[in-house]
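What you see below is based on every heavy atom in this structure, not just the backbone, and it leaves out hydrogens, waters and symmetry mates. Chain identifiers are assigned alphabetically (A, B, ...) following the order of the sequence lines, protein sequences preceding nucleic acid strands; residue numbering begins at 1 within each chain.
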2 protein chains.
Amino acid sequence: MDIQPLLYYISNYVTLTPEEEDFLREHVIVRKYLKGQYVLQQGDVCKVSSFILKGCTKMFYIDKDGQEHIIMLSVEDWWTSDIASFIEQQPADFNIQCLEDTEMAQFQYSNIDHIFEKVPKLERLLRKVTERGLAAAQKRIIRNFSMTAKERYLYFRKTYPKIEQRIPQYMVASYLGITKEFLSKIKGQLALED
Amino acid sequence: MDIQPLLYYISNYVTLTPEEEDFLREHVIVRKYLKGQYVLQQGDVCKVSSFILKGCTKMFYIDKDGQEHIIMLSVEDWWTSDIASFIEQQPADFNIQCLEDTEMAQFQYSNIDHIFEKVPKLERLLRKVTERGLAAAQKRIIRNFSMTAKERYLYFRKTYPKIEQRIPQYMVASYLGITKEFLSKIKGQLALED
DNA sequence: ACTAGATGTTAAACTAGTTTAACTTGATTT
DNA sequence: AAATCAAGTTAAACTAGTTTAACATCTAGT
């Protein structure tokens, strides 16, 4: 597959010349993963920042009791990486695993400075994407504090209607920070209400 | 006050020439606030991104029940802004208020593109700062899901030992996402344990 | 068609954290 | 010195969400 979705995505932020597009094409790795494959495992260093061309991934953390907590569910046109591990090149706290067969366009840590130097617009792009990510993370922290589990579920359903259909319900529960049993109960309640 | 703390902070990320430092000095606003003053109010557009030279602020959200939730406590050498409002120039969801007399060096939205154009290193700086912020926010989401209130309090105390002394306990509770009564109980338990 | 494994449901017992409300302590003002 | 106000404590009643465990449903593979 071509990186066309990435080029289209980039065009929402900055305008690249044909030469810059070619440069990008040459410096980005397109990689395919099968459902279930890991893009990153807790403890390894995150060497790439990945843009999803097609497919779906979860980023999750295994806590000291062995429980899985999903930080992020990503589909087409989203980025995924353990950013702390990527920027510091330290062992990752998080895992990234494909929930479907997935194709990604990957920026490598090893040449990202070179890419930014040659095409400063891409640094601007990454800054903007990261700013949006931070804004979203802050709002998520607030939602987790100020909304009940039911309210968070309804927000999730409204905001990401397409993601819910693609993944098992227990992963939605994990993303919402509740048990699968409690989400099941919430869905039961909602079914009665309508 | 001079922007020396900002220049020192920047030197940890990028190296500015004397000319670039002068340019920065001319394009940053140094502003003083008294304890209790608002830097930003919910509903207003966030026009500046502020680096704290001296003092302490809280960024918080008032939910539909009138309850205050603290997203961020910032002291010297930290940044504070409602980043969603700043990048989109949309009404802010958050308030920023000074908990002590505070001095800030402020980047204005109106000339930030100009600053980045003249000194691309500052765009690099802001990208890196934002990346760290995002990494920290993701880890905070995980802590809120995988740790008990007591564990979160101990983590806070260990990680930001100096902040706790500067602010009232009920704000620590709000930052941790619990009631002041429950934090009081936790502290009682910890006092017995030692 | 049958089995196994993964996903989802239900319900009862439980617990972490909230709510309410009364009280204490300390700082500030008059 | 009294009065007021903000901050912190304590305890009982409560509730949102967890835990455990048994059962139901759905696939995919043989």
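There is a side-chain donor-acceptor pair under 3.5 Å between D63(A) and H69(A). Between the side chains of Q41(B) and N95(B), no donor-acceptor pair of N or O atoms lies under 3.5 Å. With no hydrogens or angles considered, no side-chain donor-acceptor pair links Y9(B) and W78(B) at under 3.5 Å.
Around atom NZ of K118(B), no more than 12 heavy atoms belonging to other residues, nucleotides or ligands sit under 6.0 Å away.
Side chain of R166(B) to backbone of G55(B): a donor-acceptor contact under 3.5 angstrom is found.
The span of DNA chain D lying next to chain B, judged by atoms under 4.0 Å from heavy atoms, is bounded 5' to 3' by dA7(D) to dT10(D).
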Restricting to nitrogen or oxygen on both sides, can you table the protein-nucleotides 7-10 of chain C pairs closer than 3.5 Å?
{"residue": "dT7(C)", "atom": "OP2", "partner": "Y170(A)", "partner atom": "OH", "Å": "3.0"}
{"residue": "dG8(C)", "atom": "OP1", "partner": "Q169(A)", "partner atom": "N", "Å": "3.0"}
{"residue": "dG8(C)", "atom": "OP2", "partner": "Q169(A)", "partner atom": "N", "Å": "2.9"}
{"residue": "dG8(C)", "atom": "OP2", "partner": "Y170(A)", "partner atom": "N", "Å": "3.1"}
{"residue": "dT9(C)", "atom": "OP2", "partner": "Q169(A)", "partner atom": "NE2", "Å": "2.7"}
{"residue": "dT9(C)", "atom": "OP2", "partner": "S184(A)", "partner atom": "OG", "Å": "3.0"}
{"residue": "dT9(C)", "atom": "O5'", "partner": "S184(A)", "partner atom": "OG", "Å": "3.3"}

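Two different hydrophobic clusters hold I178(B) and F145(B) under the rule that ILVMFWY side chains link at heavy-atom gaps under 4.5 Å.
Note on R157(A) versus E151(A): no salt bridge recorded, every NZ/NE/NH1/NH2 to OD/OE distance being 4.0 Å or above.
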